[in-house]
Amino acid sequence: MGNDGMNASGYLSKSIVLLSVSVVICCGIYPLLLWLIGQTLLPFQANGSLLRGPDGAIVGSRLIAQPFTKDEYFHPRPSAAAYDASASASSTLAASNYLLRDRVARALGPFVKYRSGSKAGQFVGPDVEAWFQNDRHQGRPHIVAQWATLHKGLAKAWVTADPSHSAYVQDWARTHPGVAAEWIEMNPGSSQPTAEDLAMLFFEDFSRNNPGRFPSAAVGTGLSPQSHRKVKPIKEGSEIQSIFFDMWRQDHPDEDLYEIPGDMVTTSGSGLDPHITLENAEHQLDRISTKWAANLERDPAALRSEIEQVLQENASAPFGGLAGGKIVNVLEINIELSKRYGPHHSP
């Protein structure tokens, strides 16, 4: 018994020693060794591949896309994760899903140009707006009502997408007391309808009373602008160009339009791809050079040539081109533009 007690005590002490040594090695020495190797040999990668702007401040990581919406800068691929690194995800929409078709069509509207004809090189967006204001699709009036009928899911999603939308529909329902009774008559056995339930009736009424207009939430003024979003009928803008491009295209099937690079309208597998193809970047050149030329009061053609040169200098092909064509990192190229033409630029 005495020897067994001593052996048990010995095993316990050895286990404690082994545990302590393991903790020191695994939780102390090993991480410290990796940290020293990372900070010595690969400090940029070890610290998150962080990039700095012209003023020296960190503006993002080279590895993660972030949204750019200003016309002066290159825009990244669409993101199914809203560019949130903690929510990395693909869109998961099948090729046959009409939501994917609608999303791609919306992305195309503001970018597509005529390829031939008297308007060659011009954006179709202004013509989409003019067609929308005429308020006729397939020879029939009330485009907004037709859009809601063709896309019932999207019409209902519009109501729930923004609190100001649902509030606008509820205010409309209060001034049209008969619509609730009409909805209940169409849905016997149902109780009081919600704003989402009234989406179709709302868009039909809105379209009749606002031909060539679409309800859109605009940020108001005040101490808390986000709380003052107010819905107003609009007749032009990127929202009109996006939502109604597909219907415009159905009315103008013979128009010869430029093809758009796929990565301008499709999301990546992660939703955070920091690169775009060189072809995508070149499609954005006109918008970017025109905006910088206006800001700097310079010749747009000369500025376009300069930015094109910047693109070529920063483009690279993975594995020497074996894994795809040339790509550019959006954040890196936008930092370069900011250095050359932004507020910190010294002419």
Side-chain angles (χ1 to χ4, degrees), residues 65 67 69 75-83 87-115 123-162 165 196 199-200 202-204 206-207 212 214-217 234 236-273 276-277 279-280 283-284:
T69 56
H75 295 173
R77 297 182 66 163
S79 172
Y83 304 100
S88 176
S90 60
S91 73
T92 70
L93 296 177
S96 58
N97 193 316
Y98 88 102
L99 290 177
L100 179 60
R101 175 186 172 82
D102 177 74
R103 196 191 67 196
V104 171
R106 289 188 184 215
L108 287 172
F111 295 124
V112 176
K113 294 179 179 179
Y114 292 102
R115 182 162 55 182
F123 288 105
V124 303
D127 285 347
V128 175
E129 294 172 344
W131 163 87
F132 174 76
Q133 292 162 19
N134 193 40
D135 199 34
R136 298 193 72 83
H137 171 56
Q138 303 287 310
R140 294 184 292 117
H142 309 316
I143 286 177
V144 171
Q146 292 187 58
W147 168 80
T149 301
L150 291 170
H151 307 288
K152 292 180 181 178
L154 298 178
K156 291 184 177 183
W158 180 91
V159 177
T160 57
D162 190 310
H165 293 179
E196 182 181 2
M200 300 306 297
F202 163 74
F203 278 112
E204 289 172 5
F206 181 92
S207 190
F214 186 77
S216 177
I234 62 170
E236 58 191 8
S238 59
E239 193 170 6
I240 299 297
Q241 297 174 13
S242 298
I243 295 175
F244 297 98
F245 170 76
D246 191 34
M247 294 174 69
W248 173 87
R249 185 59 171 158
Q250 293 172 23
D251 274 2
H252 303 80
D254 297 328
E255 294 289 359
D256 187 21
L257 307 180
Y258 275 110
E259 294 184 356
I260 294 294
D263 65 329
M264 287 189 80
V265 295
T266 58
T267 63
S268 64
S270 67
L272 301 171
D273 191 340
I276 57 175
T277 62
E279 185 183 8
N280 180 344
H283 265 75
Q284 302 185 46

Exercise for the section: Give a yes or no answer on whether the side chain of S270 reaches the backbone of S88 with a donor-acceptor pair at less than 3.5 Å. Expected result: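 No, the answer is negative, given that no donor and acceptor are paired below the 3.5 Å cut-off.
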Exercise for the section: Return yes if some donor-acceptor pair links the side-chain N/O of S207 with the main-chain N/O of F203 below 3.5 Å, else return no. Expected result: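 Answer holds: no.
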Practice task
Test F245 against V124 for side chain to side chain contact (heavy atoms under 4.5 Å, CB included), laying out the working first.
Solution key: CA-CA 9 Å; F245 170 76; V124 303; 4.0 Å; yes
Handout entry: Carboxylate-amine/guanidinium proximity below 4.0 Å for R77 and D263
Key =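 No, R77 and D263 are not salt-bridged.
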Kindly write out the residues that satisfy side chain to side chain donor-acceptor pair (under 3.5 Å) with [X], not counting sequence neighbours, or none if the list is empty.
{"X": "K113", "result": "D286"}
{"X": "E196", "result": "none"}
{"X": "T267", "result": "none"}

Practice task
Measure up the W158 and H165 rings against each other and bin them: parallel (under 30°), tilted (30 to 60°), perpendicular (over 60°).
Solution key: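 Answer is parallel, since the angle falls under 30°.
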Exercise for the section: Classify the angle between the aromatic ring planes of H151 and Y98 as parallel (below 30°), tilted (30 to 60°) or perpendicular (above 60°). Expected result: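 Geometry flag for Y98 against H151: parallel rings.
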Nearest 0.5 angstrom please: [X] [atom1] to [Y] [atom2], how far?
{"X": "E279", "Y": "M264", "atom1": "CD", "atom2": "CE", "result": "9.5 Å"}
{"X": "K152", "Y": "W147", "atom1": "NZ", "atom2": "CH2", "result": "13.0 Å"}
{"X": "D102", "Y": "L154", "atom1": "CG", "atom2": "CG", "result": "4.5 Å"}
{"X": "L257", "Y": "F111", "atom1": "CG", "atom2": "CZ", "result": "15.0 Å"}
{"X": "Y258", "Y": "H283", "atom1": "OH", "atom2": "NE2", "result": "8.0 Å"}
{"X": "T266", "Y": "L100", "atom1": "OG1", "atom2": "CG", "result": "9.0 Å"}

Practice task
Compare all side-chain heavy atoms of W131 with those of H252 and state whether any distance is below 4.5 angstrom.
Solution key: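 They are in contact (side-chain heavy atoms under 4.5 Å apart), so the answer is yes.
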Exercise for the section: Compare all side-chain heavy atoms of E236 with those of Q133 and state whether any distance is below 4.5 angstrom. Expected result: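 They are in side-chain contact.
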Which pair of non-hydrogen atoms, one from [X] and one from [Y], has the smallest distance, and what is that distance?
{"X": "P76", "Y": "Y83", "value": "CG-OH, 3.5 Å"}
{"X": "A155", "Y": "A199", "value": "O-CB, 4.0 Å"}
{"X": "Q241", "Y": "V128", "value": "CA-CG1, 4.0 Å"}
{"X": "A81", "Y": "A89", "value": "CB-N, 3.9 Å"}
{"X": "S79", "Y": "A82", "value": "OG-N, 3.2 Å"}

Problem - Sequence neighbours excluded, every pair satisfying salt bridge (Lys or Arg N to Asp or Glu O under 4.0 Å) that has a member inside residues 125-143 - result: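 For residues 125-143, and leaving out neighbouring residues, the salt bridge (Lys or Arg N to Asp or Glu O under 4.0 Å) pairs sorted by first residue read K119-D127.
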Problem - Residue pairs involving residues 241-251 (criterion salt bridge (Lys or Arg N to Asp or Glu O under 4.0 Å); sequence neighbours excluded) - result: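 Checked against salt bridge (Lys or Arg N to Asp or Glu O under 4.0 Å) - neighbours excluded - the pairs reaching residues 241-251 are R101-D246.
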Exercise for the section: Verify the neighbour count for atom CD of E259: are there more than 12 heavy atoms of other residues, nucleotides or ligands below 6.0 Å? Expected result: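 Count not over threshold, so no.
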Problem - For F132, all residues meeting ring pair (Phe, Tyr, Trp, His ring centres under 6.0 Å), sequence neighbours excluded - result: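 Once residues adjacent in sequence are excluded, the partners of F132 under the ring pair (Phe, Tyr, Trp, His ring centres under 6.0 Å) criterion are F244.
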